[in-house]
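Only one structure is covered here, and it is reproduced in the block below.
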Amino acid sequence: MDALKKNPSFKGRRGPVVLVIMDGVGYGEYKEGDAVADSKMNYLNALTFGAHSIPKCPQTKLKAHGKAVGLPSNDDMGNSEVGHNAMGCGRVFNQGAALVSDSIKTGKIFEGTAWKEITDNVKAKGTLHFLGLFSDGNVHSHLDHLKAMIAHAKKDGLKKVRVHVLFDGRDVGETSALDYVDAFEAFLKEQNDNNFDAKIASGGGRMWITMDRYGADWAMVDRGWNTHVLGQARQFATTREAVETLRKEKPDVIDQDLKEFVIADNGKPIGTIEDGDSVIYFNFRGDRALEITAAFEEDSFTKFDRKKRPKVCYAGMMEYDGDLHVPKRYLVDPPSIDRTMGEYLAASGVRTLAISETQKYGHVTYFFNGNRTGKFDEKLEDYVEIKSDVIPFEQRPWMKCAEITDYVLTAIGSGKYDFIRLNYPNGDMVGHTGIYQAVICSMEAMDIQLGRLIKAVTEAGAVMVVTADHGNSDDMYEHNKDGKVSLKADGTPKAKTSHSLNPVPCIIYDPEYKGEYLNDPKESCLNEGLGISSIAATCMQLLGFIPPEDYDKSVLKM
């Protein structure tokens with residue numbers, strides 16, 4: 001990797017460039033339900049409009065969804081993984097959803113070695129199990145992918161399929177589970193005949209079982225293992241009965257929090273995972289796939305007592321960790337992301353700090369570095385994880401934003417770093433709860449930390465770039481096609497727990513500006529119509545470098 005070329009026209013700054021990623025904070029389309037606009041964001045507003053001795057800053061709106069981050073269409077919501085990929089690599093790569101859809105469309109997925117190994121393993125006897133997020137949210141998975149694989153499994157002569165469903169309620173409507181169940185059951189009915197038997201075998205909410213990430217709560221994976229593999233959970237005759245009963249017992253529960261269950265016939269679970277079976281984890285996104293994959297694949301596994309580990313042929317939809325090569329078998333090749341910003345900065349001698357709390361630590365490291373584990377240069381890079389609370393986010397909506405800021409303030413003043421990137425998870429993680437009051441609290445807590453950063457950046461003569469990876473807290477209510485808020489039976493707004501399609505901020509706070517780029521608050525002084533992939537070139541320029549020619553252009557008008 002060659003070092004970046006210095007820009008001889010850039011005069012430099014005393015302090016570092018600080019990239020602040022406000023996860024899940026966009027510009028809302030609707031007034032009602034925009035918790036960001038509804039919060040007292042004194043410091044964010046000061047950067048935007050000018051106040052508190054802070055001048056109005058150069059700013060623009062960036063696209064953070066759809067094709068701007070490598071997803072199949074502009075109807076697809078952005079997410080934290082593809083968002084950090086785009087910011088970190090400075091270009092747009094086709095991402096998981098698009099890659100899987102293309103592979104299914106061309107038939108390449110079914111021609112690959114992994115699919116053949118999975119299906120050959122159970123042609124004579126045994127069961128093919130599918131496990132994953134049961135929705136069309138297209139962030140972790142898509143039901144169309146699952147249906148295509150089931151149909152092809154039948155075509156390949158398999159006899160028995162069992163599906164283990166993880167209800168969504170975050171990337172789709174918060175209580176939409178039965179819509180998906182009914183449609184899927186109808187699909188299975190069309191597939192089933194005397195030679196093919198496909199059924200839903202177990203399930204539960206994605207935030208209660210199986211889909212933990214970053215080691216935040218291994219108990220979730222333990223519950224999932226007991227449910228999907230061992231069949232040890234509350235029994236029901238049908239999936240609909242399970243959902244209806246669980247909702248009746250706890251009326252306010254949303255899909256992501258539904259308790260675990262198994263489908264049973266005469267007291268016997270219909271889909272435990274046994275020796276000789278095959279298992280496909282059909283999520284294409286990696287962060288919430290690694291832990292359940294470890295439970296299936298690792299010999300020396302110590303995170304919980306598996307009780308038994310069936311000998312199965314296991315595959316992931318994609319490779320979830322390219323450096324560790326996890327899983328060992330996968331159906332679709334991931335995007336090959338190269339020449340990331342982090343790699344260029346390391347080659348150029350830039351001293352870097354990456355920091356967040358557990359929930360987003362992997363985003364400012366692994367995903368920002370192009371799905372790469374580890375550092376590019378141990379001497380130049382420091383990665384810091386602040387441990388997240390293991391508690392529902394609405395109960396601690398401020399999360400760890402103060403602790404993150406504490407560390408960053410020391411780092412800014414130390415003179416040790418040239419580039420600092422940090423992620424505040426508040427807008428995304430609390431936004432997913434759908435609890436409006438908690439989101440307001442999370443936004444205002446984060447804004448206090450922005451105020452602390454502004455002061456430190458000013459004192460150090462640093463530069464701060466404020467942006468986001470996608471929207472979420474800016475769109476907290478479901479809206480009808482006419483733009484009006486969708487109401488529940490009791491007349492209150494129906495909460496929206498998924499990401500938004502809204503643009504996100506890009507604000508440049510440069511208190512010791514020296515004229516290298518246009519900075520006139522009376523006119524549009526940043527390039528417009530760009531996506532968040534432009535953040536990389538922007539930060540490179542503010543560090544005094546000339547970005548690579550094939551990087552998406554900077555927001556700065558130099």
Side-chain angles (χ1 to χ4, degrees), residues 118 121-122 126-134 140 162-167 200-236 239 242 246 256-265 267-283 285-317 320-321 324-330 358-359 361-362 373 385 387-392:
I118 284 286
N121 182 57
V122 292
T127 303
L128 173 57
H129 299 264
F130 291 97
L131 167 63
L133 187 63
F134 192 68
H140 291 267
R162 292 294 181 262
V163 183
H164 305 269
V165 302
L166 301 171
F167 292 127
I200 295 176
S202 72
R206 60 179 280 183
M207 295 305 289
W208 178 248
I209 60 170
T210 311
M211 280 180 60
D212 183 44
R213 65 179 177 190
Y214 308 147
D217 187 3
W218 274 98
M220 288 174 57
V221 191
D222 188 5
R223 289 191 289 267
W225 182 267
N226 290 335
T227 302
H228 313 309
V229 177
L230 307 180
Q232 295 177 357
R234 187 174 175 185
Q235 296 185 354
F236 294 91
T239 310
L246 293 170
Q256 64 182 359
D257 299 319
L258 284 169
K259 295 298 174 66
E260 69 273 35
F261 63 89
V262 296
I263 305 304
D265 185 11
K268 183 179 179 180
I270 67 169
T272 56
I273 300 177
E274 305 293 341
D275 289 347
D277 288 351
S278 292
V279 179
I280 293 175
Y281 191 74
F282 64 86
N283 285 15
R285 182 168 134 181
D287 59 337
R288 295 190 184 274
L290 288 169
E291 293 178 28
I292 189 64
T293 296
F296 276 106
E297 289 197 336
E298 290 184 6
D299 294 331
S300 301
F301 183 83
T302 60
K303 298 300 183 181
F304 57 83
D305 182 4
R306 291 179 289 191
K307 301 181 180 69
K308 76 169 186 176
R309 179 192 176 198
K311 296 177 182 179
V312 301
C313 185
Y314 178 85
M317 180 64 88
Y320 301 132
D321 189 319
L324 298 178
H325 300 297
V326 174
K328 299 171 184 176
R329 183 184 294 105
Y330 52 92
T358 305
Q359 289 296 332
Y361 170 73
T373 300
E385 175 188 359
K387 290 292 184 181
S388 291
D389 293 320
V390 182
I391 192 171

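Listed by chain and residue number, Y314 satisfy the side-chain hydrogen bond (donor to acceptor under 3.5 Å, both in side chains) test with T293 (two or more places apart in sequence, or in another chain). For K328, the side-chain hydrogen bond (donor to acceptor under 3.5 Å, both in side chains) criterion is met by no residue, not counting sequence neighbours. In this structure, the side-chain hydrogen bond (donor to acceptor under 3.5 Å, both in side chains) partners of K307, at least two apart in sequence or on a different chain, are N226. For D299, the side-chain hydrogen bond (donor to acceptor under 3.5 Å, both in side chains) partners are R309, not counting sequence neighbours. Listed by chain and number, the residues in a side-chain contact (heavy atoms from CB on, under 4.5 Å) with D275 are P310, K311 (sequence neighbours excluded).
How far CH2 of W218 is from CH2 of W225: 11.0 Å, rounded to the nearest 0.5 Å. If you take CD1 on I270 and CD1 on I200, they are separated by 9.0 Å, rounding to the nearest 0.5 Å. Distance check, rounded to the nearest 0.5 Å: CD1 of I273 to OG of S278 gives 10.5 Å. Separating the NZ atom in K268 from the CD1 atom in I263 is a distance of 16.0 Å, to the nearest 0.5 Å. Note: L166 CG to T210 OG1 = 5.0 Å, rounded to the nearest 0.5 Å. The CD atom of Q359 lies 11.0 Å from the NZ atom of K387; values are rounded to the nearest 0.5 Å.
Taking each heavy atom of G271 and A201 in turn, the nearest pair found is CA-CB, 3.6 Å. In terms of heavy-atom proximity, P269 sits nearest to G231 at CG-O, 3.5 Å. The two residues A216 and T358 come nearest to each other via the heavy atoms CB-CG2, 4.3 Å. When all heavy atoms of Y281 and A289 are compared, the pair lying nearest together is CE2-CB, 3.4 Å. Closest non-hydrogen pair, G267 versus A264, comes out as C-CB, 4.2 Å.
Considering only heavy atoms from C-beta on, H140 comes within 4.5 Å of R288 through its side chain. For the pair N121/L128, no side-chain contact is recorded, criterion being any heavy-atom separation below 4.5 Å from C-beta on. For the pair V262/T227, a side-chain contact is recorded, criterion being any heavy-atom separation below 4.5 Å from C-beta on.
In terms of modelled atom types and a separation under 3.5 Å, the side chain of Y320 and the main chain of N283 share a donor-acceptor contact. Not a single donor-acceptor pair under 3.5 Å links the side chain of E260 to the backbone N or O of G224. For the pair R306 (side chain) and A295 (backbone), a donor-acceptor distance under 3.5 Å is present. Remark: side-chain polar atoms of E274 are not paired, donor with acceptor, to backbone N or O of G126 under 3.5 angstrom.
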Q: Decide yes or no on side-chain contact (heavy atoms from CB on, under 4.5 Å) for T127 and V122, but give the supporting numbers first.
A: CA-CA 6 Å; T127 303; V122 292; 5.9 Å; no

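Legend: salt bridge (charged side-chain N to carboxylate O under 4.0 Å, His left out) pairs involving residues 206-219, not counting sequence neighbours, sorted by first then second residue: E81-R213, D168-R206, D171-R206, R213-D287.
Screening R162, H164, H228 for a side-chain hydrogen bond (donor to acceptor under 3.5 Å, both in side chains) involving H129 leaves a single residue, H164.
In this structure, F261 has its ring center no closer than 6.0 Å to that of W208.
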